[in-house]
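Notes to accompany the following structure.
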Amino acid sequence: MLRLVIPLILGIVAGYALFVHGNQLLFSSLIPFLAGYVIVVCCLWLSHRYALRWLFGVAISLFFVWTGLWLFQQEVRKVVFDFPDEETVYYFCLTEEPERKAHSVLCKGYLPVGKDSVGEFAVERHVLLYLAVDSLSSSLVRGDELWISARLRPPSNRGNPDEFDYAWYLFRCGISGTGFAASGKWQLAGHSDTRTLFQIASDVRGKVLELYRRLGFKGETFAVLAAVTLGYKQELSEEIRSTYASTGASHILALSGLHIGFLYLLFYYLLVRPVRHRPGIRVAGVLVLILLLWGFAFLTGLSPSVVRSVGMFSLLSLSLLFPGQAISLNTWAAAGFLMLLFRPFWLMDVGFQLSFSAVAAILCIQPWLYGKWRIKNPVGSYLWGLTTVSVAAQIGTFPLILYYFSRFPLWGLLTNLLVVPMVSLWIWTAAGMLLLTPFPGLQQWVAAGLGELIGFTHRLLSGIEQWPLVVWEQIRMTLPEVVFCYLLLFLIGWYVAGRRFSVLRNMLILSLCWVCFHFWERHRNHAENSLLFYHLSPESAVHCISSGGDSWVVLVGAGWDEGRMKRMLDRYWSRLRLSPPQFLYEAYCGEEICWQDPLLHYGGRSIVVVREDRWRSMRRAEPYAADYLYISAGYTGTLEELLRVFRAEIVILDASLPEYRLQRLITACETYGVEYVAISRKGSLRIAL
């Protein structure tokens, strides 16, 4: 199966690369070529010419490369839609409960049709719609049907360097567009009580969450229990997320393969192992095991990560029908092959990559590690087995962790040895608690014990978080380096298994290539004296960067969240190897920078930061000359009023400006012939000094 899954993955990756770079591949033109090639190769193979036997394998590989390309294109076609440029009327059906945001109401729904001057046209796509907060939007529920007038656009990113690709994330989730409908731009058309399977599963999850609350779970305990057992993470605070991430236990909060694995073990020892020597009953036990796993997936709302994990364990469970045959890489590859045939977008999901790399490492590395030390004591053997599983999983996933998160928890191994057994107890206890619903008194007693377990684990992690050198931060690994790392791990394993000196030579060559690439990458990505205006609406900021790695962030406006900014831009700062920036809230003057509201001087440039209306009534005989005029949301006046006080070469319009005010300022800039940059249209702006 590895011979099939590898070309399939290559085809999907090729489709993704073509999609990201905007290239349109005519798949239909490849069909005659592929068909002709397969026919020729089959004829050669049937001619029994032994020297040409490899052509059949090449043909099969190329077929699955093309299959991966074709499947990816089919997934793209289901999501892509060319929305009209102007505001258009759509029929909108809410498929999930609306979510109240700070300044809007987020509604996820389905657009069956739209209307224009010609008539109705089919849309049949899912979108995210933001409604202005009012009494009507706050009373909407799932199933409501609306007529809306909005300007919809495909999902887009803010344009900040190295930021999380939110647009691609929404696209993978099947979201074709986003838009905003102001008050008066929509009206309620009706309500439908029809529910899909996913909506029924979501309702069931809501009832289980309500049961948790009735049993007395609240605060941090409720948030962690809901995340671990049901995948409900809306109530996880930043403090909880930070504690689990710093100690290397953040994967516990993401309901995925680890948790499904614990349930799999529970059901296996209850249903399959006792009857493993009775073939007929064993088959029934395996089928019941698979049904219970899918029942749990339904209980969690059929979230994609759980469906993916349950699908993998369902396929792996089929190996139980053949006793004496352990789960192998071939079974692992078959599971991945079938899942990617079903949903090619899963290959780009971080959870999918981490899960499959961890399982592959456990299958390849853990038996070798476990065999290095044989322990006869059952408890010691269990602990040693748990240790080797954790070590193997971390070896298999650490390149991806460094690539995606630029940090590595140094105490992660110890944390997992302590916490993973506790999490298994959580899940098994929670399963028993739900089964005891007909017995409220006993259920309440079990719930109290479960709450104590979760509280103890959280206190343990909070204590570990205070230890020195908890997290190794500011690590950056590029995608080519991830490939280098996995190739090196493969060669190391090959050398350990066979001890061939040719493999050792290849390891040295690969390591030399990796070192050369790393130093070239360091030379190519280094800090330079520059100014950066980020797209961080509703906040505003100017980042002053020096070539020595020091930097200062001038925060404009109120209500700033430094943690949020670090999370958004940490990958970029890590790539440039910047020291933690100094955040400037008040006036500051140093050797390189001087900030005195409204003037910012850095690198020989002057920036006027306009964030309030006090300049509207002022006049100067000779306007103050500056290099840049930076206008943020606090200013509500006109450009003409500012030009009476300041004269700048370039006007920078921040993304925090409301759309109507931004358009008014753009029109004024064009009228007066002033050069301007709109951050919300262009993305972040970098100015080299």
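Keep in mind the model is a prediction, meaning the values are calculated, not measured.
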With a 4.5 Å cut-off on side-chain heavy atoms, are His601 and Gln596 touching?
no

Any side-chain donor paired with an acceptor under 3.5 Å for Thr397 and Ser357?
no

Quick one: are Thr178 and Leu170 in side-chain contact, heavy atoms under 4.5 Å?
yes

Minimum side-chain heavy-atom gap Glu163-Arg571 below 4.5 Å:
no

Please determine if Arg153 and Asp85 form a salt bridge, counting it only when a charged side-chain N lies under 4.0 Å from a carboxylate O.
yes

Can we say Glu99 and Lys108 salt-bridge, meaning some charged N sits less than 4.0 Å from an Asp/Glu carboxylate O?
no

Counting N and O atoms only, with roles assigned by atom type, does the side chain of Arg605 sit under 3.5 Å from a partner on the main chain of Ser530, one being a donor and the other an acceptor?
no

Does some side-chain heavy atom of Val609 sit less than 4.5 Å from a side-chain heavy atom of Val554?
no

Greater than 12 external heavy atoms within 6.0 Å of Lys682's NZ:
yes

Flag for Ser551-His543: side-chain donor and acceptor within less than 3.5 Å:
yes

Centroid-centroid under 6.0 Å between Phe171 and Trp168 rings
yes

Within 45° of the six-membered ring axis of Tyr90 and under 6.0 Å from that ring's centre, is NZ or CZ of Arg125 located there?
no

Are the side chain of Thr243 and the backbone of Ser462 linked by a donor-acceptor contact shorter than 3.5 Å?
no

For Ser540 and Ser632, indicate whether the former's side chain and the latter's backbone hold a donor-acceptor pair under 3.5 Å.
no

dist Met568:CE -> Trp573:CH2 (nearest 0.5 Å) comes out at 10.0 Å

First locate atom CG of Leu94, then atom CD of Glu145, and finally report the distance between them rounded to the nearest 0.5 Å.
9.5 Å

Return the minimal non-hydrogen interatomic distance between Ala527 and Leu578, and the atom names on each side.
CB-CD2, 3.7 Å

Determine whether a donor-acceptor pair (N or O, by modelled atom type, separation under 3.5 Å) exists between the side chain of Asn529 and the backbone of Leu689.
no

What I'd like to find out is whether the side chain of Leu152 reaches to under 4.5 Å of the side chain of Thr88, using heavy atoms alone.
no

Taking the six-membered ring for Trp, are the ring centroids of Tyr91 and Trp147 within less than 6.0 Å of each other?
yes

Look at atom OH of Tyr169 and say whether more than 12 heavy atoms of other residues, nucleotides or ligands are closer to it than 6.0 Å.
no

So with a 6.0 Å cut-off around CD of Gln234, is the heavy-atom count from everything else above 12?
yes

Tyr16 and Phe345: aromatic ring centres closer than 6.0 Å?
no

List the steps, then state whether salt bridge (Lys or Arg N to Asp or Glu O under 4.0 Å) holds for Arg575 with Glu521.
CA-CA 9 Å; Arg575 175 159 68 88; Glu521 187 75 10; over 6 Å; no

Looking at every heavy atom in both Ile175 and Pro155, which two are closest together, and how far apart are they?
O-CG, 3.7 Å

Indicate yes or no: at least one non-hydrogen side-chain atom of Leu532 is less than 4.5 angstrom from one of Val542.
no

Just verifying a value: how many Å separate Leu639 CG and Ile631 CD1, rounded to the nearest 0.5 Å?
5.5 Å

For the CD1 atom of Ile401 and the CG atom of Leu354, what is their distance to the nearest 0.5 Å?
6.0 Å

Are the side chain of Arg664 and the backbone N or O of Thr638 linked by a donor-acceptor pair below 3.5 Å?
no

Pairing of Glu659 and Arg681 as salt bridge, 4.0 angstrom limit:
yes

Are the side chain of Asn157 and the backbone N or O of Asp165 linked by a donor-acceptor pair below 3.5 Å?
no

Is a side-chain donor-acceptor pair under 3.5 Å present for Glu670 with Tyr676?
yes

Carboxylate-amine/guanidinium proximity below 4.0 Å for Asp597 and Arg611:
yes

Cut-off 3.5 Å, side chains only: do Tyr572 and Asn160 have a donor facing an acceptor?
no

If only atom types and distance count, is the side chain of Ser137 paired as donor or acceptor with the main-chain N or O of Ala132 below 3.5 Å?
yes

Taking the side chain as every heavy atom from C-beta outward, state whether Tyr404 and Gln353 have any pair of such atoms under 4.5 Å apart.
yes

Determine yes or no for a side-chain-to-main-chain donor-acceptor pair under 3.5 angstrom, with Asp613 supplying the side chain and Thr636 the backbone.
yes

Any chance the rings of Tyr585 and Phe583 have centres within less than 6.0 Å?
no

Rounding to 0.5 Å, atoms OG (Ser606) and CG (Asp627) come to a distance of 4.0 Å

pair Arg172-Asp349: side-chain heavy atoms closer than 4.5 Å
yes

Check this for me, if you would: do Arg686 and Glu528 make a salt bridge, where the nitrogen-to-carboxylate-oxygen distance has to be below 4.0 angstrom?
yes

Would you compute the distance between atom CZ of Arg661 and atom CG of Leu665 and round it to the nearest 0.5 angstrom?
8.0 Å

Look only at the side chain of Tyr602 and the backbone of Ser546, and say whether a donor-acceptor pair between them is shorter than 3.5 Å.
yes

Using the side chain to side chain contact (heavy atoms under 4.5 Å, CB included) definition, which of the options Leu685, Ile545, Ile607, Ile652 pairs with Leu531?
Ile607

Verify, without hydrogens or angle tests, whether Ser138 (side chain) and Ser135 (backbone) share a donor-acceptor contact under 3.5 angstrom.
no

